[in-house]
Amino acid sequence: MSRSALIVAIALLVMAPCATLRTAWASGKNAPAVASVPAPAALSWSLEIPLDTRVPFSGVANFDNAGNSAGAMLYPAPNAIGLLAAVLTHAAIEKSSRNSEKSKVQKDADKVLDPYQPVLDDFLTGTLLGRGASLATVGAGRQAVLRERDDHQGWLVRVTPAYSMTQDQTTLVLDNVVEIYGPNERQRASYVNTIRVISTARSEQDMLSYWTRDQGMPLKEESAELLAASLDIAIADASRVKADPQFKTVRYMEGRAERVERGQLLAEQCGRVLLRSLRGTLMSAPIKTDETMTSSGCGDQTANTDPST
Amino acid sequence: MQFRIAVVFVAAAALLTGCAGAPQKPIAFSTPAHDASAQKVGVVMTTLPKVDVSTPGAGCLLCMAAASMANSKLTSYSHSLPQEGLPKLKEDVANLLRKRGLNAVVINDDLDVSKLPGAKTNGADMAKKDFSSLRAKYAVDHLVVIDIQEVGFERPYSAYIPSGDPKGVVIGLGYEVNLATNAYEWYAPIGIRVAAEGKWDEPPTFPGLTNAYFQALEAGKDKFLEPFKG
């Protein structure tokens, strides 16, 4: 009897959060639909500046050689329960070993940033976002607004940028989660996506001297340009009529190395490609081109927005 | 008792000696191997394996069953992926050889190396199988073989437990045999493994792993073609 009571109690405990979730889901289902993002030409937007924190940077890591070891294992198995315990212990050890191997790969990749720490310590999100908003080109009106000064009346863009540097130090890569909120709506986004923008590789002999000169101005400016490019791409994508181009394998450059990505090619211009990945995220990246090809009328474009906008 | 131990020792020694053959070392491809442009080079492929999931390290029968069950969704999905570009690899190789001034022909048949007789002459850089019969059969003097052994995903195991995440994989061997001497003129084992970016376990379409698969496919094709680009 007491066992039945215990089971009922556990079941209630397990079911209770589900009921809360169901209610939340139901209320979301009945809530009015969020506004569609208008075409960029008719859109005035503000970029929200959150509390100042350090801009997150990491090294571009390659996990291709992590966790490749296969091997046999002899379990001490005096009986079935002993075997099960041995297998579960083995599973726990393997999982922990895999995680620590991945952490080590990332930690080693991050070492590329060691000489940049004085510059990165001084690089705050407020500076980055303010400059990024001023460099963006898409939209009828653009401004940066502090979170506490947002009057909730207009379109608001929230971003979560994360940068990485290639191991050859020639290139910065931005992964930016962009959320766009309609007027009088700051809970449910009209558009959310991750935008990756890869800068064109620099060709300076001494990359450290280049990025860190003038208190790291080139690194900060390049970061802001990537952010602006990601905003332009996201805003153009938010109102784009979704075409369904065929998936193909696209080659692009990341640093001095050629990479490939499977996705839908949305645009190709000025030595860059814009594609939608298999996960639905967007990526703007330089492609291997003849140097003379990019000079005519393209300028120093990091972004690759839809030509129609 | 001592006699029994001695027998076991001798048997073990005999078995282990059989495994001690020196592996073939890679040989770089070089055009001068066919200085006479009149010599014909045939390019052939072995039968392509289907896109699949392999679980090396899951050695015992129960381990294999456990690995198969754990990866059943990925296995079913892998069968839907195309081998994009791999079947025409021999045409690509032949075109590159022609660009280098060689008389190259594509052999349409799939080659089954296991059906060839063993080589009469052994030694360094000599093929283990006797390819000489193919000289008359296809009217070629040299044979470039593209042997793709595994394509799809690979998830390493340690008995019942995965010891790594699945990766996109292309494993194979490229080699060229001089059909007059049965000697290797090019020998290149190829093993490409590409990790998914971020998490991999995203059924039903596994976008991260699918991307890794196509990345491995491109890298594999590039590796096979690279020696012929000059």
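No experiment lies behind these values; they were computed from the predicted model shown. Just so it is clear: chains get the letters A, B, ... in the order the sequence lines come, proteins before strands, and each one is counted from 1.
Interface with chain A: from residues 186-196 of chain B, residues Arg193(B), Val194(B), Ala195(B) qualify, criterion being any non-hydrogen pair under 4.5 Å. Identified by a heavy-atom distance below 4.5 Å to chain A, the contributing residues of residues 150-160 of chain B are Pro156(B), Tyr157(B), Ser158(B), Ala159(B), Tyr160(B), in residue-number order.
One distance of note links NZ of Lys167(B) with CG of Asp64(A); it measures 6.5 Å at 0.5 Å rounding. Between the CZ atom in Arg262(A) and the CD atom in Glu218(B) there is a gap of 8.5 Å [rounded to 0.5 Å]. Summarising the geometry, atom CG belonging to Asp175(A) is positioned 7.0 Å from atom CD belonging to Glu197(B); distances are rounded to the nearest 0.5 Å. Note that CZ of Phe206(B) and CG of Leu278(A) are 13.5 Å apart. Values are rounded to the nearest 0.5 Å. The structure places OG of Ser163(B) at 7.5 Å from NE2 of His90(A), a figure rounded to the nearest 0.5 Å. The line from SG of Cys60(B) to CG of Leu74(A) is 10.0 Å long, rounded to the nearest 0.5 Å.
Val260(A) and Gln215(B) get closest at one heavy-atom pair: O-NE2, 2.8 Å. Nearest heavy-atom pair, Ile161(B) versus Tyr75(A), reported as atom, atom and distance to 0.1 Å: CG1-OH, 3.9 Å.
The 12-atom threshold is not exceeded at NZ of Lys104(A), counting heavy atoms of other residues, nucleotides or ligands nearer than 6.0 Å. For Lys199(B), the NZ atom sits in a loose shell: 12 or fewer heavy atoms of surrounding residues, nucleotides or ligands are nearer than 6.0 Å. Lys129(B) NZ: more than 12 foreign heavy atoms inside a 6.0 Å radius.
Only the side chain of Lys102(A) comes within contact range of chain B, with heavy atoms under 4.5 Å apart. With a threshold of 4.5 angstrom between heavy atoms, Arg251(A) approaches chain B through side-chain atoms but not through N, CA, C or O. Contact annotation for Arg98(A): only side-chain heavy atoms (C-beta onward) come within less than 4.5 Å of a heavy atom of chain B. Using a 4.5 Å cut-off between heavy atoms, Asn65(A) touches chain B through its backbone atoms (N, CA, C, O) alone.
Listed options Val87(A), Ile93(A), Asn62(A) were ranked by heavy-atom pairs under 4.5 angstrom with chain B; first place goes to Val87(A).
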